[in-house]
Number of protein chains: 2
Amino acid sequence: MATLSDVAEEAGVSPTAVSRYLNNRIELPQGTRDRIDAAIAKLDYRPNLLAKRLSTGKTEAISLVTPEIGNPFFAELAAAVEAEAERHGYAVYMSSTRGDRAREVDAIKRLHDQHVDGLIMMTNQPDDGTLARLLARHNNVVLLDEDIPGVSVPRVFVENEQGAYAATQLLIAAGHRDIAVISGPGGLMSVKERLAGFRRAMGEAGITVREDWLLLGQYSREFGHDAAERLLAGQERPSAIVACSDYLAIGVLQALRHAEVAVPGDMSLVGFDDMPFAELVDPPLTTVRQPVAEMGRLAFTRLLALINKTETETMTRLPVELVVRKSVARFGG
Amino acid sequence: MATLSDVAEEAGVSPTAVSRYLNNRIELPQGTRDRIDAAIAKLDYRPNLLAKRLSTGKTEAISLVTPEIGNPFFAELAAAVEAEAERHGYAVYMSSTRGDRAREVDAIKRLHDQHVDGLIMMTNQPDDGTLARLLARHNNVVLLDEDIPGVSVPRVFVENEQGAYAATQLLIAAGHRDIAVISGPGGLMSVKERLAGFRRAMGEAGITVREDWLLLGQYSREFGHDAAERLLAGQERPSAIVACSDYLAIGVLQALRHAEVAVPGDMSLVGFDDMPFAELVDPPLTTVRQPVAEMGRLAFTRLLALINKTETETMTRLPVELVVRKSVARFGG
DNA sequence: CTAGCACAGTAAACCGCTTTACATGGCGAA
DNA sequence: TTCGCCATGTAAAGCGGTTTACTGTGCTAG
């Protein structure tokens with residue numbers, strides 16, 4: 001591969017000149033410019049990024065850590081981040097922590113070694129302080145989708161409270177009063193906020209919340225399934241369920257189908273996320289849509305601003321939207 | 001950050017010694033080793049990967065190019081590759097081409113610049129020779145899931161022919177004779193092979209294939225939808241459809257639902273891939289499962305072998321498995 | 001007694017680019 | 001005429017490692 005020096009020699013100038021020319025740090029007369037351009041073309045010169053990075057200390061790369069890249073929600077988020085990064089000439093290192101705390105820690109440490117310019121972090125489990133401590137030492141971090149308390153960095157979240165509020169209101173408007181909630185780990189911000197939205201809607205309607213119908217566990221299909229079974233096994237049954245993720249809703253749907261409880265006939269259900277499959281399941285799922293593409297895009301934008309020192313801590317809340325499909329029916333009919 | 005020289009100074013040896021010690025290229029007496037280890041611990045030394053890479057020319061990173069990381073099939077594949085890469089200490093650069101030829105070209109070129117050690121390539125559109133030419137110039141490439149004719153590199157594919165054969169056989173065994181196929185772009189290997197499997201099954205059963213019921217287009221929901229509509233609009237209708245991807249099948253399902261054609265009552269359907277949502281749709285989809293995790297794992301393994309020069313061109317075919325659910329019924333009831 | 005060898009390292013070049021500080025020539029102004 | 005300055009560059013020192021070739025020093029074998 002041709003190097004900068006080769007180009008310089010070919011063009012009859014010094015490597016310095018070529019370097020500075022390419023980085024717009026020098027004004028050269030037309031003739032010289034032409035010679036350099038010609039040499040570059042002739043030798044098919046492409047700068048060695050490794051050398052450039054070592055020299056400048058900037059990598060033009062970011063790290064993206066996701067809980068599970070195979071999960072469509074995170075995959076879409078990742079795709080959006082990647083697309084925006086690419087637009088700005090940034091490469092993205094991806095790591096999938098598979099819900100493993102050790103791997104999260106690893107990913108952050110490795111980020112240090114990879115010398116990426118920044119990190120977009122997603123997590124789906126409550127932090128015990130480990131992550132917060134680790135992230136505090138790093139400069140360019142933005143948190144996406146889920147909070148890690150105690151780190152002061154830009155954050156991009158959605159209106160969790162609003163979303164759950166709207167979902168619950170929809171159920172109440174359909175005549176439901178016995179409403180259960182199935183959600184993720186109690187320590188997670190999104191879980192707390194969605195629960196708060198639920199409580200607010202219930203409160204405003206003057207309905208007492210049954211605490212034993214608030215089932216917190218994991219944002220997973222399995223937990224959705226198990227929680228629904230538990231609900232069905234109880235003395236009294238709710239007539240509607242707010243599942244705080246579409247994965248949970250899917251699990252619920254499976255349990256209900258297995259128990260031959262008709263949806264929405266015998267049980268109404270609303271999800272959260274609006275994953276691609278939400279409209280494909282039976283029945284098509286009424287759910288709260290998160291603006292995934294916008295979230296990813298914005299997260300990268302924030303990170304870039306951070307890298308360029310034009311940004312400090314900010315918190316953005318993106319609006320969500322209730323998408324009404326077929327999984328909610330009027331109570332009793 | 002502490003450098004190698006800092007460590008050397010602290011330990012009272014030369015940087016060379018430390019470097020060689022860390023890379024197991026020298027035997028040092030216990031005393032010296034201890035001093036170096038102590039210095040490393042004291043200074044919290046972590047080697048600068050950038051410098052190491054520039055120096056050695058090895059990056060311990062690979063590039064993964066996928067058509068669409070937001071697509072669960074590719075996302076799962078990517079997750080599997082990432083997991084295996086991580087096990088071996090490799091980082092992975094991800095790029096999503098969004099079905100754009102220019103972006104594919106870009107990704108490959110950039111790979112050259114990023115100086116990654118290798119590339120795992122997935123594509124979902126026929127190559128006009130551009131990619132083949134580009135890839136020929138690069139050493140460490142493995143093709144995953146789909147072929148690019150004319151490049152002699154390791155490949156990891158599935159038994160496409162077998163899969164379609166089994167799917168078709170299932171339909172024939174259920175009494176169907178009027179079977180249509182909806183598939184991806186005609187130029188794609190997977191499309192050809194799946195079609196071949198279909199023809200073989202039909203041939204063995206002595207059924208004539210209706211060429212106008214072979215609908216080739218894109219591996220997308222939209223095309224599945226449109227193709228199904230076209231099928232329904234015809235003079236005669238098939239009683240069963242082989243959709244060569246689950247995305248296609250979903251589209252078909254939507255079109256059929258809209259036209260109030262019951263599945264599997266009025267129309268049987270089998271998909272391909274066994275994406276996570278396949279069992280969640282209505283009715284749960286009978287489909288051909290691809291061993292996604294194994295594909296990803298193997299692709300990385302092959303690439304690693306290639307990087308270490310212990311491998312040349314190989315082609316692996318992973319077996320597929322017919323997963324019977326509820327979307328196929330006996331013909332006539 | 002000495003040649004030779006193993007041991008325990010080291011000096012210095014190099015990977016390819018950036019950047020700081022400096023150089024040269026010509027020209028305008030005093 | 002001379003000074004200074006602008007335009008047009010250049011030399012060389014990094015960035016932080018790796019690697020090749022080499023050096024002392026002591027010990028052993030002959």
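Chain letters run A, B, ... following the sequence lines, proteins first, then strands; residues in each count from 1.
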Visitor: Per the side chain to side chain contact (heavy atoms under 4.5 Å, CB included) rule, which among A:Leu143, A:Val153, A:Asp145, A:Leu144 passes with A:Met121?
Guide: A:Leu143
Visitor: If you look at every heavy atom in B:Asp147 and B:Thr123, which pair is closest and at what distance?
Guide: O-CG2, 4.4 Å
Visitor: Closer than 4.0 Å, any side-chain N/O of A:Ser55 to the OP1 or OP2 of C:dT18?
Guide: no
Visitor: Any idea how A:Tyr90 and A:Phe300 line up, ring-wise: parallel (<30°), tilted (30 to 60°), or perpendicular (>60°)?
Guide: perpendicular
Visitor: Could you check whether A:Glu82 pairs with B:Arg98 (Lys NZ or Arg NE/NH1/NH2 to Asp/Glu carboxylate O, under 4.0 Å)?
Guide: yes
Visitor: Roughly, in whole Å, what's the span from CG in A:Asn24 to P in C:dT19?
Guide: 12 Å
Visitor: Let's see if you get this right: which residues in residues 45-54 of chain B place a heavy atom under 4.0 Å from DNA chain C?
Guide: B:Leu54
Visitor: For B:Ser19, answer base if it contacts any base atom (sugar-phosphate contacts may also be present), sugar-phosphate if it contacts only those atoms, and nothing otherwise; contact means non-hydrogen atoms under 4.0 Å.
Guide: base
Visitor: Please give, in whole Å, the distance from D:dT19 P to B:Leu22 CG?
Guide: 12 Å
Visitor: Among the candidates C:dC17, C:dT10, D:dT18, find the nucleotide nearest to the side-chain atoms of A:Leu4.
Guide: C:dC17
Visitor: Whole Å only: how far is the OH atom of B:Tyr21 from the C1' atom of D:dT18?
Guide: 18 Å
Visitor: Where along nucleotides 21-26 of chain C does protein come under 4.0 Å, by heavy atom, of base (B) or sugar-phosphate alone (S), with - for untouched nucleotides?
Guide: B-----
Visitor: Provide, to the nearest angstrom, the distance between the CG atom belonging to B:Leu28 and the C1' atom belonging to C:dA6.
Guide: 14 Å
Visitor: What closest approach, in Å, do A:Ala78 and A:Ile69 show between heavy atoms, and which atom pair accounts for it?
Guide: CB-CD1, 3.6 Å
Visitor: Could a donor-acceptor pair under 3.5 angstrom be found where the side chain of A:Thr32 meets the base of D:dG9?
Guide: no
Visitor: Quick one: label A:Pro15 by what it contacts on the DNA or RNA (base, sugar-phosphate, nothing), any heavy atom closer than 4.0 Å.
Guide: nothing
Visitor: Just grab all the ring pair (Phe, Tyr, Trp, His ring centres under 6.0 Å) pairs involving residues 34-77 of chain A, residues at least two apart or on different chains.
Guide: none
Visitor: Apply side chain to side chain contact (heavy atoms under 4.5 Å, CB included) to residues A:Leu304 and A:His88 and explain how you reach the verdict.
Guide: CA-CA 9 Å; A:Leu304 195 57; A:His88 292 270; 3.4 Å; yes
Visitor: Under the 3.5 Å rule, do the base of D:dG16 and the side chain of B:Thr3 count as making a donor-acceptor pair?
Guide: no
